[in-house]
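Report on one structure; see the data block that follows.
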Amino acid sequence: MSPPRLIAVLALGFLSTYSRAEESVDYNYHVRPILSANCFACHGPDEKGRKANLRLDSFAGATAENDGVRAIVPGDPSASALVSRIGSDDPDEIMPPPESHRVLTPAQKDILARWIAEGAEYEDHWAFVAPKTPAVPETRHADWARHPIDRFIAARLEAAGLDPAPEARPAELLRRVTFDLTGLPPTLEERDAFLADSSPDAYEKVVDRLLASPHYGERMTLAWMDAARYGDTSVMHADGPRDMWPWRDWVIKAYNTNKRFDTFAVEQLAGDLLPDATPEQKLATGFNRNHATSDEGGAIPEELRVGYVVDRVKTTSNVFLGLSMECGQCHDHKYDPITQKDYYRFFAYFNNTQDPGMQSRNGNQTPVVELTNPA
């Protein structure tokens with residue numbers, strides 16, 4: 001990954017924080033969490049669990065007339081039943097009802113009222129919203145900013161009444177970027193070389209060197225290993241051995257060779273299904289086999305196998321879709337836009353396996369990928 005691309009990735013968090021700070025009320029950031037935690041269980045997408053024929057997870061449902069009243073009247077909180085009900089002291093009227101043991105804070109009530117006053121605009125689930133490049137903000141610290149991203153940081157600091165920190169000393173800067181990109185401290189030789197380099201692009205050369213280091217891929221792989229629930233043992237009963245490190249090394253190589261993300265995703269999810277799949281493409285599908293396994297006495301193999309499929313659905317949706325699908329096992333999801341039918345259609349894709357179910361103490365179980373050791 002070249003420095004400009006790396007900077008763009010690191011900036012996403014700052015950009016989103018700045019944008020939310022500037023906007024008065026944002027549905028996905030401010031409103032959806034309140035409605036999801038307190039309202040959607042009774043007034044959400046689950047038709048069978050819905051009460052009072054009121055649906056608050058969609059603009060059409062929330063603004064529809066229901067027995068002569070409307071929960072939300074865009075632009076008019078005083079005419080909106082939702083505002084009246086959340087502000088009531090009457091135990092027969094207040095929402096959420098006392099028996100739910102949910103209570104809105106004054107700040108949450110204010111957010112909902114302000115959101116309605118501003119037009120009650122709904123947004124798609126954040127996982128389906130394409131990111132947009134925001135306008136670069138004006139800032140009184142323009143001289144401090146060396147890159148457009150710095151101006152977002154400066155503007156956010158100004159909004160909080162803060163000033164930028166003093167510039168880091170060269171040795172501190174080298175230590176920070178080396179730890180960030182490789183997880184290791186700089187060597188004394190690297191430190192001395194950086195301090196002795198007076199060229200205007202000395203820092204950029206350090207970043208290029210670190211991105212070309214094999215340790216860069218190792219550092220980046222740590223986060224992916226966590227997301228992919230990596231483990232070299234079976235985790236459950238007896239915690240038996242298994243060899244998953246070839247998949248780990250495949251991920252390291254993917255980062256170090258700057259593999260395209262679409263290829264990175266496809267090969268891990270279905271590398272063995274690609275036409276004329278190579279051993280490495282088959283190896284990539286180890287992503288699907290990182291889950292915990294068991295061979296506990298008395299366990300039912302088919303029950304274990306199905307549990308593995310459930311794990312793959314959960315991990316794949318969390319990691320690649322930004323969604324939590326697991327609630328769809330039992331009912332239409334009450335918070336995310338996933339029906340029970342959606343869940344089991346997704347489940348069916350991973351249910352075409354030959355797993356034996358019982359697998360733990362005997363090392364890797366079928367199906368396996370045979371690899372040739374180049375040594």
Side-chain angles (χ1 to χ4, degrees), residues 127-128 224-237 240-251 254 259-296 298-333 336-372:
F128 303 129
W224 191 253
M225 287 166 64
D226 286 342
R229 77 282 194 231
Y230 175 82
D232 268 318
T233 60
S234 63
V235 180
M236 293 195 286
H237 186 63
R242 65 182 180 191
D243 293 321
M244 296 302 295
W245 60 264
W247 173 84
R248 176 203 64 196
D249 288 358
W250 179 91
V251 178
K259 184 183 286 286
R260 287 170 53 107
F261 180 75
D262 55 355
T263 305
F264 182 76
V266 168
E267 291 184 350
Q268 289 185 85
L269 292 174
D272 58 322
L273 302 179
L274 296 175
D276 300 318
T278 66
E280 282 210 341
Q281 288 173 327
K282 295 177 181 178
L283 168 62
T285 61
F287 171 85
N288 296 311
R289 299 293 296 277
N290 279 325
H291 54 78
T293 60
S294 177
D295 63 354
E296 184 175 3
I300 301 172
E302 178 62 9
E303 182 178 7
L304 289 173
R305 189 195 68 80
V306 170
Y308 306 156
V309 177
V310 168
D311 182 282
R312 290 164 191 160
V313 172
K314 174 183 177 180
T315 302
T316 302
S317 62
N318 288 174
V319 170
F320 286 105
L321 303 181
L323 292 168
S324 57
M325 292 185 67
E326 49 265 38
C327 293
Q329 289 176 244
C330 302
H331 49 71
D332 289 351
H333 206 299
D336 291 348
I338 299 295
T339 65
Q340 191 173 22
K341 182 177 180 179
D342 291 331
Y343 178 89
Y344 282 101
R345 289 170 64 190
F346 204 76
F347 177 96
Y349 171 80
F350 292 103
N351 199 31
N352 292 290
T353 68
Q354 301 173 4
D355 287 358
M358 300 282 269
Q359 43 183 289
S360 184
R361 283 171 285 190
N362 297 320
N364 296 56
Q365 304 280 304
T366 56
V368 297
V369 177
E370 297 293 339
L371 298 173
T372 301

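Quick caveat: nothing in here was measured; it's all calculated off a predicted structure.
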Are F346 and Y343 close enough that their ring centres sit under 6.0 Å apart? no

Is any side-chain heavy atom of T353 less than 4.5 Å from a side-chain heavy atom of R312? yes

Ring centroids only, cut at 6.0 angstrom: are W245 and Y230 within range, meaning strictly under it? no

Applying side chain to side chain contact (heavy atoms under 4.5 Å, CB included), run through R229 and D311 and close with a yes or a no. CA-CA 10 Å; R229 77 282 194 231; D311 182 282; 2.9 Å; yes

Where do T293 and R242 land on the side chain to side chain contact (heavy atoms under 4.5 Å, CB included) test, with the steps shown first? CA-CA 10 Å; T293 60; R242 65 182 180 191; 3.9 Å; yes

Look only at the side chain of R289 and the backbone of Q365, and say whether a donor-acceptor pair between them is shorter than 3.5 Å. yes

How long is the straight-line distance from CG of D272 back to CD of E267, given to the nearest 0.5 Å? 11.0 Å

Short side-chain to backbone donor-acceptor contact, D232 and P241, under 3.5 Å: no

Are any of the side-chain heavy atoms of M244 and N290 separated by less than 4.5 Å? yes

Heavy-atom pair of closest approach, residues W247 and A228: CH2-CB, 3.6 Å

Could you pull out the closest heavy-atom pair between P356 and P301, with the gap in Å? O-CB, 3.7 Å

With a 4.5 Å heavy-atom cut-off, do T316 and L321 have their side chains touching? no

Does any N or O in the side chain of S317 come within less than 3.5 Å of the main-chain N or O of K314, such that one atom is a donor and the other an acceptor? yes

Where is the tightest heavy-atom contact between Q329 and Y344, given as atom of each residue plus distance? O-OH, 2.8 Å

Roughly how far, to the nearest 0.5 Å, is CE of M358 from CG of L304? 6.5 Å

From L283 atom CG to Q268 atom CD, the distance as rounded to the nearest 0.5 Å: 9.5 Å

Go through the steps for L323 and F128 under the test side chain to side chain contact (heavy atoms under 4.5 Å, CB included), then give the verdict. CA-CA 10 Å; L323 292 168; F128 303 129; 3.9 Å; yes

Heavy atoms of A292 and V235 approach each other most closely as CB-CB, 3.6 Å

A side-chain contact here means heavy atoms from C-beta on lying under 4.5 Å apart; do Y349 and V313 qualify? no

Rounded to the nearest 0.5 Å, how far apart are NZ of K259 and CZ of F264? 9.0 Å

Are any of the side-chain heavy atoms of C327 and D332 separated by less than 4.5 Å? no

Using distance alone, with no hydrogens and no angle criterion, decide if N318 and T315 have a side-chain donor and acceptor under 3.5 Å apart. no

Could you tell me if the side chain of F287 sits less than 4.5 Å from the side chain of W224, heavy atoms only? yes

For the pair M225 and V251, evaluate side chain to side chain contact (heavy atoms under 4.5 Å, CB included) and give the outcome as yes or no after the intermediate values. CA-CA 9 Å; M225 287 166 64; V251 178; 5.9 Å; no

Inspect the surroundings of CG in L274 and state if more than 12 heavy atoms from other residues, nucleotides or ligands are less than 6.0 Å away. yes

Strictly distance-based, threshold 3.5 Å: is any side-chain N or O of S234 a donor or acceptor partner for the main-chain N or O of G240? yes

Which heavy-atom pair separates G322 from A127 by the least distance, and what is that distance? O-CB, 3.8 Å

Residues that E302 engages under salt bridge (Lys or Arg N to Asp or Glu O under 4.0 Å), provided they are two or more places apart: R305

Heavy atoms only: give me the nearest A277-G271 pair and the separation to one decimal. CB-O, 3.2 Å

